[in-house]
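All of these numbers come straight from a predicted model, not from anything done at the bench.
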Amino acid sequence: MALVRAGTCCRSLGRESSKRVICGVLQTGWIEGCIGAKRHLLSEDVIKLQDFQQRKLAVAHRVTGSKGNYIERFSQKLQRNELILRDELKLLLHLCQSADDMVIARDAIYRYHAENRNLVYGEFKFGPLFVRLCYELGLEDLAAATLTDKSMRGFFNDATSFNITIDMLFTKGSYENALEVVRTMRDQGVSFNKDTLTLASGTCYKLNTAESYRIGTALIEEAQTKGHFIPRHAYCFAVALALRQNDLEKAQSLYSQIMSTDSRLCQNLKVVILAMSGAVTDAVSILSAAMLPKSPFFVKKPEFSQEVVDLLRLRSESGPHMMKVEQIVTQLERADQVIQQTIDGMLCHTPTGKRKQAPIMEERKTSRRTLKPLQSTLLSE
(Lines give C-alpha, C1' and ligand atoms only; values in the text may rest on other atoms or scores of the structure.)
Protein backbone atom coordinates (compact mmCIF):
# COMPACT_ATOMS: atom_id res chain seq x y z
CA MET A 1 0.00 0.00 0.00
CA ALA A 2 1.29 3.39 -0.75
CA LEU A 3 -0.18 6.76 -0.10
CA VAL A 4 2.70 8.30 -1.90
CA ARG A 5 5.55 6.92 -3.89
CA ALA A 6 7.88 9.02 -1.93
CA GLY A 7 10.32 7.23 0.30
CA THR A 8 12.01 4.20 -1.20
CA CYS A 9 10.59 4.79 -4.68
CA CYS A 10 10.97 8.48 -5.27
CA ARG A 11 12.45 10.31 -2.32
CA SER A 12 15.16 11.63 -4.61
CA LEU A 13 12.72 13.21 -7.01
CA GLY A 14 12.40 16.29 -4.82
CA ARG A 15 9.47 18.11 -3.26
CA GLU A 16 7.69 19.11 -6.45
CA SER A 17 7.88 15.64 -7.95
CA SER A 18 6.68 14.13 -4.67
CA LYS A 19 3.77 16.55 -4.61
CA ARG A 20 2.65 15.47 -8.07
CA VAL A 21 2.83 11.81 -7.10
CA ILE A 22 0.76 12.36 -3.95
CA CYS A 23 -1.85 14.29 -5.86
CA GLY A 24 -2.12 11.48 -8.37
CA VAL A 25 -2.57 8.93 -5.60
CA LEU A 26 -5.29 10.94 -3.88
CA GLN A 27 -7.15 11.38 -7.13
CA THR A 28 -7.01 7.79 -8.35
CA GLY A 29 -7.06 5.88 -5.09
CA TRP A 30 -4.34 4.06 -3.24
CA ILE A 31 -1.82 2.18 -5.34
CA GLU A 32 0.54 -0.68 -4.69
CA GLY A 33 3.77 0.01 -2.90
CA CYS A 34 7.20 -0.44 -4.40
CA ILE A 35 8.06 -3.95 -5.48
CA GLY A 36 10.13 -5.65 -2.83
CA ALA A 37 10.49 -8.82 -0.84
CA LYS A 38 7.11 -10.33 -0.08
CA ARG A 39 6.62 -11.39 3.51
CA HIS A 40 4.74 -14.16 5.25
CA LEU A 41 1.93 -13.21 7.60
CA LEU A 42 2.27 -16.31 9.78
CA SER A 43 4.99 -16.80 12.34
CA GLU A 44 7.10 -19.92 12.72
CA ASP A 45 4.94 -20.79 15.75
CA VAL A 46 2.10 -21.51 13.34
CA ILE A 47 3.95 -22.85 10.31
CA LYS A 48 6.28 -25.02 12.42
CA LEU A 49 8.44 -25.77 9.42
CA GLN A 50 11.55 -26.39 11.52
CA ASP A 51 9.79 -28.97 13.66
CA PHE A 52 8.46 -30.64 10.52
CA GLN A 53 11.91 -30.77 8.93
CA GLN A 54 13.40 -32.24 12.10
CA ARG A 55 10.80 -35.00 12.06
CA LYS A 56 11.58 -35.65 8.39
CA LEU A 57 15.28 -35.99 9.19
CA ALA A 58 14.51 -38.39 12.01
CA VAL A 59 12.33 -40.55 9.76
CA ALA A 60 14.88 -40.46 6.93
CA HIS A 61 17.58 -41.55 9.38
CA ARG A 62 15.54 -44.61 10.37
CA VAL A 63 15.01 -45.69 6.77
CA THR A 64 18.44 -44.76 5.39
CA GLY A 65 19.07 -46.38 2.03
CA SER A 66 15.47 -47.29 1.34
CA LYS A 67 13.86 -43.88 0.74
CA GLY A 68 13.96 -44.08 -3.02
CA ASN A 69 12.89 -47.71 -3.05
CA TYR A 70 10.00 -46.96 -0.69
CA ILE A 71 8.58 -44.17 -2.85
CA GLU A 72 8.97 -46.35 -5.94
CA ARG A 73 7.25 -49.27 -4.23
CA PHE A 74 4.46 -46.95 -3.09
CA SER A 75 3.95 -45.76 -6.66
CA GLN A 76 3.66 -49.37 -7.79
CA LYS A 77 1.17 -50.00 -4.99
CA LEU A 78 -0.99 -47.15 -6.29
CA GLN A 79 -0.87 -48.62 -9.77
CA ARG A 80 -2.02 -51.98 -8.42
CA ASN A 81 -4.90 -50.18 -6.65
CA GLU A 82 -3.97 -51.67 -3.28
CA LEU A 83 -5.29 -50.46 0.07
CA ILE A 84 -3.26 -47.64 1.65
CA LEU A 85 -2.68 -47.81 5.38
CA ARG A 86 -2.36 -44.76 7.61
CA ASP A 87 1.21 -45.39 8.76
CA GLU A 88 2.31 -46.08 5.19
CA LEU A 89 0.98 -42.69 4.08
CA LYS A 90 2.61 -40.92 7.03
CA LEU A 91 5.96 -42.45 6.15
CA LEU A 92 5.56 -41.50 2.49
CA LEU A 93 4.88 -37.85 3.32
CA HIS A 94 7.94 -37.72 5.57
CA LEU A 95 10.18 -39.09 2.81
CA CYS A 96 9.14 -36.77 -0.04
CA GLN A 97 12.01 -34.59 -1.23
CA SER A 98 10.98 -33.36 -4.68
CA ALA A 99 8.07 -32.25 -6.83
CA ASP A 100 8.03 -35.68 -8.47
CA ASP A 101 7.68 -37.31 -5.06
CA MET A 102 4.81 -34.94 -4.32
CA VAL A 103 2.88 -36.14 -7.37
CA ILE A 104 2.90 -39.61 -5.84
CA ALA A 105 1.98 -38.17 -2.43
CA ARG A 106 -0.94 -36.25 -3.93
CA ASP A 107 -2.28 -39.37 -5.65
CA ALA A 108 -1.84 -41.24 -2.39
CA ILE A 109 -3.91 -38.84 -0.30
CA TYR A 110 -6.63 -38.84 -2.96
CA ARG A 111 -6.77 -42.63 -2.77
CA TYR A 112 -6.58 -42.64 1.03
CA HIS A 113 -9.41 -40.11 1.29
CA ALA A 114 -11.59 -42.09 -1.08
CA GLU A 115 -11.04 -45.22 1.03
CA ASN A 116 -11.51 -43.51 4.41
CA ARG A 117 -14.17 -40.84 3.99
CA ASN A 118 -15.82 -41.71 7.30
CA LEU A 119 -12.86 -41.12 9.58
CA VAL A 120 -13.35 -41.42 13.32
CA TYR A 121 -13.22 -38.07 15.15
CA GLY A 122 -9.74 -37.50 16.48
CA GLU A 123 -8.06 -39.51 13.72
CA PHE A 124 -4.61 -38.33 12.62
CA LYS A 125 -4.84 -35.24 10.39
CA PHE A 126 -2.81 -35.47 7.21
CA GLY A 127 -3.73 -31.97 6.02
CA PRO A 128 -1.11 -29.97 7.97
CA LEU A 129 1.54 -32.56 7.09
CA PHE A 130 0.77 -32.30 3.36
CA VAL A 131 0.68 -28.48 3.21
CA ARG A 132 3.87 -28.13 5.26
CA LEU A 133 5.53 -30.39 2.72
CA CYS A 134 4.20 -28.13 -0.06
CA TYR A 135 5.49 -25.14 1.92
CA GLU A 136 8.96 -26.66 2.18
CA LEU A 137 9.13 -27.46 -1.54
CA GLY A 138 7.50 -24.23 -2.76
CA LEU A 139 4.46 -25.99 -4.22
CA GLU A 140 1.75 -23.53 -3.21
CA ASP A 141 -0.26 -24.13 -6.39
CA LEU A 142 -0.40 -27.86 -5.68
CA ALA A 143 -1.55 -27.18 -2.13
CA ALA A 144 -4.26 -24.76 -3.29
CA ALA A 145 -5.51 -27.05 -6.04
CA THR A 146 -5.76 -29.97 -3.62
CA LEU A 147 -7.53 -28.00 -0.89
CA THR A 148 -10.09 -26.53 -3.27
CA ASP A 149 -10.82 -29.82 -5.05
CA LYS A 150 -14.41 -30.75 -4.17
CA SER A 151 -13.55 -34.44 -4.15
CA MET A 152 -11.19 -33.78 -1.20
CA ARG A 153 -13.90 -32.20 0.95
CA GLY A 154 -13.46 -33.31 4.55
CA PHE A 155 -9.81 -34.30 4.22
CA PHE A 156 -8.54 -30.83 5.15
CA ASN A 157 -10.85 -30.26 8.10
CA ASP A 158 -8.52 -28.04 10.12
CA ALA A 159 -7.79 -24.30 9.98
CA THR A 160 -4.01 -24.86 9.98
CA SER A 161 -3.96 -26.46 6.52
CA PHE A 162 -5.94 -23.61 5.01
CA ASN A 163 -4.00 -20.90 6.83
CA ILE A 164 -0.58 -22.16 5.74
CA THR A 165 -1.80 -22.47 2.14
CA ILE A 166 -3.23 -18.94 2.14
CA ASP A 167 0.05 -17.67 3.58
CA MET A 168 2.04 -19.38 0.82
CA LEU A 169 -0.18 -17.88 -1.87
CA PHE A 170 -0.07 -14.45 -0.23
CA THR A 171 3.72 -14.49 -0.23
CA LYS A 172 3.83 -15.38 -3.94
CA GLY A 173 1.29 -12.65 -4.79
CA SER A 174 -1.42 -15.15 -5.80
CA TYR A 175 -4.16 -13.18 -4.08
CA GLU A 176 -7.06 -14.43 -6.20
CA ASN A 177 -6.13 -18.02 -5.46
CA ALA A 178 -5.70 -17.17 -1.78
CA LEU A 179 -9.20 -15.71 -1.68
CA GLU A 180 -10.55 -18.85 -3.36
CA VAL A 181 -9.00 -20.93 -0.57
CA VAL A 182 -10.74 -18.65 1.96
CA ARG A 183 -14.06 -19.25 0.16
CA THR A 184 -13.47 -23.01 0.16
CA MET A 185 -12.71 -22.91 3.86
CA ARG A 186 -16.02 -21.14 4.47
CA ASP A 187 -17.98 -23.46 2.18
CA GLN A 188 -16.61 -26.54 3.94
CA GLY A 189 -17.54 -25.21 7.37
CA VAL A 190 -13.98 -25.02 8.70
CA SER A 191 -13.95 -22.50 11.54
CA PHE A 192 -11.92 -19.33 11.04
CA ASN A 193 -9.41 -18.51 13.77
CA LYS A 194 -7.48 -15.30 14.43
CA ASP A 195 -4.79 -16.23 11.88
CA THR A 196 -7.45 -16.80 9.23
CA LEU A 197 -8.91 -13.34 9.85
CA THR A 198 -5.50 -11.73 9.45
CA LEU A 199 -4.73 -13.67 6.28
CA ALA A 200 -8.15 -13.03 4.76
CA SER A 201 -7.99 -9.31 5.58
CA GLY A 202 -4.49 -9.08 4.14
CA THR A 203 -5.56 -10.86 0.96
CA CYS A 204 -8.56 -8.56 0.49
CA TYR A 205 -6.33 -5.54 1.12
CA LYS A 206 -3.87 -6.66 -1.54
CA LEU A 207 -6.61 -7.31 -4.10
CA ASN A 208 -8.09 -3.84 -3.45
CA THR A 209 -11.26 -4.37 -5.45
CA ALA A 210 -14.87 -3.53 -4.64
CA GLU A 211 -15.57 -7.25 -4.23
CA SER A 212 -12.61 -7.90 -1.95
CA TYR A 213 -13.55 -4.82 0.09
CA ARG A 214 -17.07 -6.20 0.54
CA ILE A 215 -15.73 -9.60 1.56
CA GLY A 216 -13.11 -8.22 3.94
CA THR A 217 -15.59 -5.92 5.64
CA ALA A 218 -18.16 -8.71 5.95
CA LEU A 219 -15.61 -11.04 7.58
CA ILE A 220 -14.69 -8.44 10.20
CA GLU A 221 -18.32 -7.59 10.92
CA GLU A 222 -19.29 -11.25 11.20
CA ALA A 223 -16.47 -11.90 13.66
CA GLN A 224 -17.59 -8.91 15.70
CA THR A 225 -21.19 -10.14 15.74
CA LYS A 226 -20.10 -13.57 16.98
CA GLY A 227 -17.86 -12.04 19.62
CA HIS A 228 -14.70 -13.57 18.18
CA PHE A 229 -11.29 -12.10 18.87
CA ILE A 230 -10.05 -9.96 16.00
CA PRO A 231 -6.27 -9.39 15.89
CA ARG A 232 -4.99 -5.85 15.62
CA HIS A 233 -3.17 -6.84 12.43
CA ALA A 234 -6.48 -7.83 10.80
CA TYR A 235 -8.05 -4.52 11.85
CA CYS A 236 -5.11 -2.60 10.38
CA PHE A 237 -5.48 -4.39 7.04
CA ALA A 238 -9.19 -3.55 7.07
CA VAL A 239 -8.50 0.11 7.88
CA ALA A 240 -5.89 0.36 5.12
CA LEU A 241 -8.27 -1.23 2.60
CA ALA A 242 -11.05 1.18 3.54
CA LEU A 243 -8.66 4.07 2.95
CA ARG A 244 -7.61 2.63 -0.40
CA GLN A 245 -11.29 2.41 -1.32
CA ASN A 246 -11.72 6.07 -0.26
CA ASP A 247 -14.17 5.08 2.49
CA LEU A 248 -12.85 7.38 5.18
CA GLU A 249 -15.85 6.95 7.45
CA LYS A 250 -15.44 3.17 7.52
CA ALA A 251 -11.72 3.50 8.12
CA GLN A 252 -12.37 5.73 11.12
CA SER A 253 -14.97 3.32 12.47
CA LEU A 254 -12.68 0.30 12.14
CA TYR A 255 -9.74 2.14 13.68
CA SER A 256 -11.84 3.14 16.70
CA GLN A 257 -12.38 -0.55 17.47
CA ILE A 258 -8.68 -1.36 17.83
CA MET A 259 -8.05 -1.94 21.52
CA SER A 260 -4.38 -0.93 21.56
CA THR A 261 -3.14 1.66 19.07
CA ASP A 262 0.34 2.27 20.43
CA SER A 263 2.12 0.41 17.62
CA ARG A 264 4.06 2.20 14.89
CA LEU A 265 1.64 0.96 12.24
CA CYS A 266 -1.41 2.22 14.14
CA GLN A 267 0.14 5.61 14.72
CA ASN A 268 0.93 5.99 11.03
CA LEU A 269 -2.58 4.96 10.05
CA LYS A 270 -3.98 7.45 12.54
CA VAL A 271 -2.00 10.29 10.98
CA VAL A 272 -3.23 9.23 7.54
CA ILE A 273 -6.86 9.20 8.69
CA LEU A 274 -6.52 12.62 10.32
CA ALA A 275 -4.76 14.11 7.31
CA MET A 276 -7.32 12.78 4.86
CA SER A 277 -10.20 13.96 7.05
CA GLY A 278 -8.73 17.47 7.25
CA ALA A 279 -7.90 17.26 10.97
CA VAL A 280 -4.39 18.61 10.44
CA THR A 281 -4.17 20.04 13.96
CA ASP A 282 -4.76 16.62 15.53
CA ALA A 283 -2.21 15.04 13.19
CA VAL A 284 0.33 17.68 14.21
CA SER A 285 -0.37 16.85 17.87
CA ILE A 286 0.57 13.22 17.28
CA LEU A 287 3.80 14.20 15.54
CA SER A 288 4.62 16.70 18.27
CA ALA A 289 4.09 14.09 20.98
CA ALA A 290 6.55 11.85 19.14
CA MET A 291 9.36 14.31 19.76
CA LEU A 292 11.22 12.92 22.77
CA PRO A 293 14.37 15.03 23.14
CA LYS A 294 15.06 14.00 26.75
CA SER A 295 14.29 10.31 26.46
CA PRO A 296 17.06 7.78 27.21
CA PHE A 297 18.94 6.41 24.23
CA PHE A 298 17.50 2.93 24.76
CA VAL A 299 13.89 4.13 24.44
CA LYS A 300 12.55 3.46 20.96
CA LYS A 301 11.26 6.70 19.48
CA PRO A 302 8.06 6.76 17.40
CA GLU A 303 8.72 6.59 13.66
CA PHE A 304 6.65 7.79 10.73
CA SER A 305 6.73 6.74 7.11
CA GLN A 306 7.99 9.26 4.57
CA GLU A 307 4.81 8.81 2.56
CA VAL A 308 2.70 9.67 5.60
CA VAL A 309 4.48 12.92 6.44
CA ASP A 310 4.44 13.90 2.77
CA LEU A 311 0.69 13.40 2.71
CA LEU A 312 0.35 15.62 5.77
CA ARG A 313 2.51 18.26 4.09
CA LEU A 314 0.26 18.18 1.07
CA ARG A 315 -2.92 18.46 3.11
CA SER A 316 -1.59 21.41 5.09
CA GLU A 317 -0.20 23.24 2.07
CA SER A 318 -1.36 26.87 1.81
CA GLY A 319 -3.24 26.43 5.09
CA PRO A 320 -2.78 28.02 8.51
CA HIS A 321 -0.82 25.02 9.81
CA MET A 322 1.61 24.72 6.91
CA MET A 323 4.60 26.21 8.75
CA LYS A 324 3.93 24.18 11.89
CA VAL A 325 3.76 20.94 9.91
CA GLU A 326 6.97 21.73 8.07
CA GLN A 327 8.70 22.55 11.34
CA ILE A 328 7.62 19.33 13.07
CA VAL A 329 8.43 17.14 10.08
CA THR A 330 11.87 18.71 9.75
CA GLN A 331 12.57 18.02 13.42
CA LEU A 332 11.46 14.42 13.04
CA GLU A 333 13.69 13.99 10.01
CA ARG A 334 16.69 15.36 11.89
CA ALA A 335 15.96 12.97 14.74
CA ASP A 336 15.85 10.03 12.27
CA GLN A 337 12.20 9.45 13.10
CA VAL A 338 11.08 9.60 9.46
CA ILE A 339 11.67 6.26 7.78
CA GLN A 340 11.52 5.05 4.21
CA GLN A 341 9.42 1.98 5.00
CA THR A 342 5.94 2.29 3.53
CA ILE A 343 2.71 1.45 5.31
CA ASP A 344 2.46 -1.55 3.00
CA GLY A 345 5.81 -2.71 4.33
CA MET A 346 4.60 -2.29 7.90
CA LEU A 347 1.44 -4.24 7.15
CA CYS A 348 3.05 -7.12 5.26
CA HIS A 349 5.58 -8.23 7.82
CA THR A 350 6.47 -11.60 9.28
CA PRO A 351 5.51 -11.80 12.97
CA THR A 352 8.29 -12.83 15.32
CA GLY A 353 6.08 -15.28 17.18
CA LYS A 354 6.51 -16.38 20.75
CA ARG A 355 10.00 -16.61 22.13
CA LYS A 356 11.00 -20.03 23.35
CA GLN A 357 11.87 -20.02 27.01
CA ALA A 358 15.19 -21.46 28.02
CA PRO A 359 14.83 -24.74 29.93
CA ILE A 360 14.99 -24.35 33.68
CA MET A 361 18.03 -26.07 35.07
CA GLU A 362 17.21 -28.76 37.59
CA GLU A 363 18.61 -27.99 41.02
CA ARG A 364 21.43 -30.30 41.99
CA LYS A 365 21.12 -32.05 45.33
CA THR A 366 24.60 -33.59 45.49
CA SER A 367 28.08 -32.14 45.12
CA ARG A 368 29.94 -32.99 41.94
CA ARG A 369 33.21 -32.99 43.90
CA THR A 370 32.38 -34.92 47.09
CA LEU A 371 29.16 -36.64 45.93
CA LYS A 372 27.71 -35.65 49.33
CA PRO A 373 24.26 -34.03 49.70
CA LEU A 374 24.27 -30.23 49.43
CA GLN A 375 22.82 -28.58 52.51
CA SER A 376 21.92 -25.35 50.75
CA THR A 377 21.54 -23.98 47.23
CA LEU A 378 24.16 -21.42 48.24
CA LEU A 379 26.70 -24.25 48.36
CA SER A 380 26.02 -25.42 44.83
CA GLU A 381 29.06 -25.37 42.61
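Looking at R86 and N116, their side chains never bring a donor and an acceptor atom within 3.5 Å of each other. Between the side chains of R264 and Q341, at least one donor N or O lies within less than 3.5 Å of an accepting N or O. Between the side chains of N193 and T196, at least one donor N or O lies within less than 3.5 Å of an accepting N or O. A side-chain donor-acceptor contact under 3.5 Å links Q245 and N208.
Residue L169 comes nearest to A144 through the heavy atom pair CD1-CB, 3.8 Å, listed as atom of the first residue, atom of the second, then distance. Summarising the geometry of M346 relative to H349, their closest heavy-atom pair is O-ND1, 2.9 Å, with the distance given to 0.1 Å. Here the shortest heavy-atom pairing between S98 and L137 reads O-CD1, 3.8 Å. In terms of heavy-atom proximity, C134 sits nearest to L142 at SG-CD2, 4.3 Å. The shortest heavy-atom contact between Y205 and C348 is CE2-SG, 4.4 Å. Of all heavy-atom pairs between S316 and M322, the closest is O-CB, 3.3 Å.
With contacts defined as side-chain heavy-atom distances shorter than 4.5 Å, the pair K206/F237 does not qualify. Contact check for F74 versus L91: no side-chain heavy atoms found under the 4.5 Å cut-off. Counting heavy atoms from C-beta on, the side chains of L133 and K56 come closer than 4.5 Å. Residues E303 and K300 are in side-chain contact: their nearest non-hydrogen atoms beyond the backbone lie under 4.5 Å apart. Taking 4.5 Å as the limit, some side-chain heavy atom of L207 sits within range of a side-chain heavy atom of L179. Put simply, the side chain of Q267 does not reach to within 4.5 Å of the side chain of V271, judged on heavy atoms. A heavy-atom distance below 4.5 Å is not found between the side chains of C266 and K270. In this structure, L197 and F229 have side chains that are not in contact, with every pair of non-hydrogen atoms separated by 4.5 Å or more.
The neighbour count for K48 NZ, taken as heavy atoms of other residues, nucleotides or ligands under 6.0 Å away, does not exceed 12. Atom CZ of R334 has 12 or fewer neighbouring heavy atoms from other residues, nucleotides or ligands inside a 6.0 Å radius. Other residues, nucleotides and ligands place no more than 12 heavy atoms under 6.0 Å from the NZ atom of K194.
Under the 3.5 Å distance criterion, the side-chain polar atoms of D149 are left unmatched by any main-chain donor or acceptor of A145. Listed for the S201 side chain is no donor-acceptor partner under 3.5 Å among the backbone atoms of T198. Here the side chain of D187 pairs no donor or acceptor atom with the backbone of V182 at under 3.5 angstrom. The closest donor-acceptor contact from the side chain of T342 to the backbone of G345 lies under 3.5 Å. Put simply, the side chain of E44 gets close to the backbone of L49: a donor and an acceptor are under 3.5 Å apart. For the pair Q337 (side chain) and A290 (backbone), a donor-acceptor distance under 3.5 Å is present. Between the side chain of Y70 and the backbone N or O of E88 there is at least one donor-acceptor pair closer than 3.5 Å. Checked by atom type and distance alone, the side chain of S253 never pairs as donor or acceptor with a backbone atom of E249 at under 3.5 Å. A donor-acceptor pair is defined here as one N or O able to donate and one able to accept, closer than 3.5 Å; no such pair exists between the side chain of H94 and the backbone of A60. Although no hydrogens or angles enter the test, the distance criterion places a donor-acceptor pair under 3.5 Å between the side chain of N268 and the main chain of S305.
The aromatic rings of F155 and H113 sit perpendicular, their planes meeting at an angle over 60°, well past the 30° parallel limit.
Taking CG from L93 and CG from L129, the interatomic distance works out to 4.5 Å, rounded to the nearest 0.5 Å. For the atom pair D336 CG and K301 NZ, the distance stands at 8.5 Å (nearest 0.5 Å). How far OG1 of T165 is from CG of L147: 4.5 Å, rounded to the nearest 0.5 Å. Rounded to the nearest 0.5 Å, atoms CG (L241) and CD1 (I215) are 10.5 Å apart. Once rounded to the nearest 0.5 Å, the distance linking SG of C96 with CG of D101 reads 5.0 Å. Rounded to the nearest 0.5 Å, atoms CG (L92) and CE (M102) are 9.0 Å apart.
When the side-chain contact (heavy atoms from CB on, under 4.5 Å) test is applied to T281, the partners found at least two apart in sequence or on another chain are H321. Partners of R214 under the side-chain contact (heavy atoms from CB on, under 4.5 Å) rule, at least two apart in sequence or in another chain, are E211. For the salt bridge (charged side-chain N to carboxylate O under 4.0 Å, His left out) test, no residue two or more places apart in sequence or in another chain qualifies with R55. Not counting sequence neighbours, E176 has no partner by the salt bridge (charged side-chain N to carboxylate O under 4.0 Å, His left out) test.
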Exercise. Would you check, one step at a time, whether the test side-chain contact (heavy atoms from CB on, under 4.5 Å) holds for S212 with T203?
Key: CA-CA 8 Å; S212 71; T203 299; over 6 Å; no

Self-check item: Verdict with supporting geometry, E136 and R132, salt bridge (charged side-chain N to carboxylate O under 4.0 Å, His left out)
Solution: CA-CA 6 Å; E136 179 187 40; R132 285 190 174 103; over 6 Å; no

Practice problem: Run the numbers on S285 and S288 for side-chain hydrogen bond (donor to acceptor under 3.5 Å, both in side chains), then give the verdict. | Solution: CA-CA 5 Å; S285 297; S288 298; over 6 Å; no

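Note on V103 and L78: separate hydrophobic clusters, where clusters join Ile, Leu, Val, Met, Phe, Trp and Tyr whose side-chain heavy atoms are under 4.5 Å apart, directly or indirectly.
Using a cut-off of 4.0 Å between Lys/Arg side-chain N and Asp/Glu carboxylate O, R313 and E317 are scored as not salt-bridged. Between D167 and K172, none of the side-chain N atoms (NZ, or NE/NH1/NH2) sits under 4.0 Å from a carboxylate O, so this pair counts as no salt bridge.
Listed by first and then second residue, the ring pair (Phe, Tyr, Trp, His ring centres under 6.0 Å) pairs that reach into residues 238-281 come to none, sequence neighbours excluded. Counting only residues at least two apart or in different chains, ring pair (Phe, Tyr, Trp, His ring centres under 6.0 Å) contacts with residues 129-150 comprise H40-Y135.
Both the sub-6.0 Å distance and the 45° axial angle are satisfied by R186 relative to the ring of F192.
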